[in-house]
Visitor: 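Pasting in a structure now, in structure tokens, and then I'll have a few things to ask.
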Amino acid sequence: EVLTTFDIRMTRPNFEPVMNTAEIHAIEHLGATFLRNHKDFASKTIYFGPMGCRTGFYLIVRQAAGEDTDTLNASVLAALREALADITAHTGAVPGAHRRECGNYRCLSLAAAKAEAEKYLAVLDSRPQTFIYEKQEKGI
């Protein structure tokens with residue numbers, strides 16, 4: 001099996017303000033729940049969680065046998081768009097927002113999560129995305 005890690009940078013590191021804990025935590029709960037129940041990604045999703053620097057998330061997926069990288073990238077991008085749209089449309093309680101399911105269940109902001117998801121959807125819609133990043137010079 002091949003596992004692939006995707007860096008989902010929702011804010012520009014060392015340039016934009018990082019996300020606050022309450023929204024990043026809500027996105028984690030909503031995004032992980034969505035992907036673990038997704039028709040194509042339920043069996044592929046290994047992990048969806050926040051980066052310690054609070055600039056985005058890691059998504060680790062299992063690559064299907066014979067699936068090429070371009071196909072995987074396109075399917076992850078499509079699922080990410082679906083997940084973000086699902087977050088912006090979510091009503092009611094955040095999944096797992098209970099003492100028995102979460103170690104910090106009081107620190108969740110659905111409103112702030114929706115705002116971050118809308119902002120990142122606009123970024124995804126404004127330019128082509130490939131999950132292939134340009135090499136940067138050292139120190140940048």
Side-chain angles (χ1 to χ4, degrees):
E1 287 190 330
V2 174
L3 300 181
T4 302
T5 302
F6 291 88
D7 290 358
I8 301 165
R9 296 289 179 156
M10 294 181 69
T11 66
R12 193 166 151 200
N14 301 309
F15 185 79
E16 295 178 286
V18 298
M19 291 179 280
N20 292 312
T21 302
E23 59 255 28
I24 212 166
H25 192 194
I27 292 169
E28 174 193 11
H29 278 236
L30 291 159
T33 299
F34 180 85
L35 290 168
R36 289 181 184 135
N37 291 293
H38 189 275
K39 62 182 172 61
D40 298 323
F41 279 85
S43 64
K44 286 184 173 189
T45 300
I46 303 298
Y47 175 77
F48 177 80
M51 296 176 173
C53 60
R54 296 185 296 152
T55 60
F57 295 85
Y58 293 115
L59 172 60
I60 303 173
V61 298
R62 179 181 293 114
Q63 191 166 348
E67 183 177 31
D68 67 73
T69 303
D70 290 338
T71 301
L72 179 64
N73 286 346
S75 66
V76 165
L77 187 56
L80 178 59
R81 279 192 166 103
E82 289 176 43
L84 292 166
D86 186 71
I87 291 168
T88 64
H90 187 81
T91 58
V94 173
H98 303 283
R99 176 187 296 271
R100 68 185 175 277
E101 298 172 317
C102 179
N104 196 9
Y105 72 98
R106 291 185 192 118
C107 185
L108 294 155
S109 174
L110 178 58
K114 286 181 173 200
E116 289 295 337
E118 286 175 5
K119 187 172 101 176
Y120 193 58
L121 272 171
V123 169
L124 292 178
D125 291 340
S126 71
R127 61 177 186 243
Q129 296 292 311
T130 64
F131 292 115
I132 307 294
Y133 301 109
E134 293 179 23
K135 265 190 172 177
Q136 294 185 355
E137 294 179 31
K138 288 183 179 182
I140 295 178

Visitor: Would you mind reporting whether Thr69 and Gln63 have side-chain heavy atoms less than 4.5 Å apart?
Guide: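 Contact flag for Gln63/Thr69 side chains = yes.
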
Visitor: Return yes if some donor-acceptor pair links the side-chain N/O of Asn20 with the main-chain N/O of Glu23 below 3.5 Å, else return no.
Guide: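 Answer holds: no.
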
Visitor: So how far is it from Ile24 CD1 to Ser109 OG, rounded to the nearest 0.5 Å?
Guide: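 Rounded to the nearest 0.5 Å, the CD1-OG separation comes out at 12.5 Å.
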
Visitor: Working to the nearest 0.5 Å, report the span between NZ of Lys44 and CG of Leu35.
Guide: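 Here the rounded value is 11.5 Å.
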
Visitor: Measure from the side-chain N and O atoms of Asp68 to the backbone N and O of Asp70, and report whether any donor-acceptor pair falls under 3.5 Å.
Guide: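 Indeed, once roles are kept as given, a pair shorter than 3.5 Å links the two residues.
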
Visitor: Within the 3.5 Å criterion, strictly below it, is a donor on Arg36 or Thr45 matched to an acceptor on the partner's side chain?
Guide: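 Looking only at side-chain atoms, Thr45 and Arg36 do not form any donor-acceptor pair under 3.5 Å.
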
Visitor: Just so I know, are the side chains of Leu110 and Leu30 near enough to count as touching, which here means a heavy-atom distance under 4.5 Å?
Guide: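 Result yes, sub-4.5 Å side-chain heavy-atom pair found.
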
Visitor: For side-chain contact (heavy atoms from CB on, under 4.5 Å), just list the numbers for Leu80 and Tyr120, CA-CA rounded to whole Å, side-chain angles, deciding distance to a tenth of an Å, and then say yes or no.
Guide: CA-CA 10 Å; Leu80 178 59; Tyr120 193 58; 3.9 Å; yes

Visitor: Nearest 0.5 Å please: distance from the CG atom of Leu77 over to the CD atom of Glu82.
Guide: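 Nearest 0.5 Å value for the CG-CD distance: 10.5 Å.
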
Visitor: Would you say the side-chain atoms of Lys114 pair up with the backbone N or O of His90, donor to acceptor, closer than 3.5 Å?
Guide: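 Indeed, once roles are kept as given, a pair shorter than 3.5 Å links the two residues.
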
Visitor: Kindly say whether Ile46 contributes a backbone atom to a donor-acceptor pair with the side chain of Arg62 at under 3.5 angstrom?
Guide: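 No, because the side chain of Arg62 does not come within donor-acceptor range (under 3.5 Å) of the backbone of Ile46.
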
Visitor: Could you tell me whether a side-chain N or O of His25 sits under 3.5 Å from a main-chain N or O of Cys107, the two making a donor and an acceptor?
Guide: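 A pair under 3.5 Å: yes.
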
Visitor: Can Phe57 be reached from Leu3 by stepping across I, L, V, M, F, W or Y side chains whose heavy atoms are under 4.5 Å apart?
Guide: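 No, because Leu3 and Phe57 fall into different hydrophobic clusters, even though each may have its own neighbours under 4.5 Å.
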
